[in-house]
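This report refers to the structure that appears directly beneath it.
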Amino acid sequence: EKGGYAHFMLKEIHEQPRALRDTLASRLDVSSGGVKLEGVNLTSEEARSLQKVVLIACGTAAYAGMAGKYIWERLLRLPVEFDVASEFRYRQPLLDEHTLALVISQSGETADTLAGLREAKKHKARILAITNVVGSSVAREADDVLYTWAGPEIAVASTKAYLTQLAALYLLALYLGRARGEATWALELARELACAPSKVEKIFDLEEEIQELASNLAPHEHAFYLGRGLDYAVALEGALKLKEISYLHAEACPAGELKHGPLALIEDGTPVIALATQEDLLEKMLSNIKEVKARGAWVLALALEGNEAVAQEADRVLYLPRIHPILSPLVSAVPLQLLAYYVAKARGCPIDKPRNLAKSVTVE
Ligand code: M6R
């Protein structure tokens, strides 16, 4: 049932090009930049009347939502509030009928997410869900549902669900952008999105190198993930993957915050994973890499092909297929999943069922 792979997690990582294709294919019209989303029924008038979006999700689903915040705010110019469901539900959030509550859950059964959904409903927000399980509680209670076609995810660590949640967020950006009538970027985004699955496939050419890099990381007890903008959202997900399955302490830090505290933890040999895919922020990231290098850090950078300057600063660089910077999480998340997998393997961890964790958190 693991299809020849040693673990479900590795199988699911490798299923991602297929999962992405399934989630995108029947919905995306590349010739017009339009989308057809069965189950999502906001009229133009409803879409235009939205004043803000609040995210309701936990863990990896919340980090997909955080990437969604950067993506939607940039494309739709609509404010998106980010916090995790367990904070959202207790902070007396301000919502009304002009709020879109974006609920993201692989299982559709997470207790805090469901409670957040109900809280938002009480305030008459429109509930839009992204979930992987047909007929799940979240799907039943939402006004609109967009399914991810990841297929069953068995490993506790979420991989293909995350990638397809991102895909759903891009599809919804296209949907809402056109419904709100401000989508000059739609055609280009749709075209680039259609090419994403084959770019994800190319990441597997790096797998052996990632395995070798993982053996450098495995003996350490701490690792830092740095990023700016969208890269920061992916850094959070990368760090979560590593701590969850390899039990190595990993911390994601917005690169601009280094000097405000975390830099004190960098010493000789500290591993730093620096995400540098956002070209408008590249200069800033390069100076952050220099900053940690000067304190002795060992830096593994992730950059898009062609950004040779990164190789001059970092110890090692994984070059990823060129993609529109707004789509970069689709290619940058995958090497981080593989890195976490191979570190956990080198440390002899029970990868598919990490200690203390359950696949679906249905209690608070
Ligand atoms: O089923 P859900 O998407 O609602 O689950 C949310 C989190 O429990 C889940 O993403 C968790 O963080 C994963 N173990 C991360 O890999």
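What you see below is based on every heavy atom in this structure, not just the backbone, and it leaves out hydrogens, waters and symmetry mates. Each ligand, and each atom within it, is numbered from 1 in the order the structure gives.
Listed for the Tyr63 side chain is no donor-acceptor partner under 3.5 Å among the backbone atoms of Cys58. Judged by distance alone, with hydrogens and angles left aside, the side-chain atoms of Thr164 form no donor-acceptor pair with the main-chain N or O of Ala167 at under 3.5 Å. The closest donor-acceptor contact from the side chain of Trp298 to the backbone of Lys293 lies at 3.5 Å or more, if one exists at all.
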For residues 214-222, which side-chain donor-acceptor pairs fall under 3.5 Å, sequence neighbours excluded?
unit_1, atom_1, unit_2, atom_2, d
Ser215, OG, Glu212, O, 2.6
His222, ND1, His249, ND1, 2.8

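For the residue pair Glu207 and His14, a side-chain donor N or O sits within less than 3.5 Å of a side-chain acceptor on the partner.
Within 4.0 Å of ligand 1, heavy atoms belong to protein residues Cys58, Gly59, Thr60, Ala61, Ser105, Gln106, Ser107, Thr110, Val156, Ala157, Ser158, Lys241, Glu244.
Salt-bridge check for Lys11 with Glu1: failed, with every basic side-chain N at 4.0 Å or more from each acidic carboxylate O.
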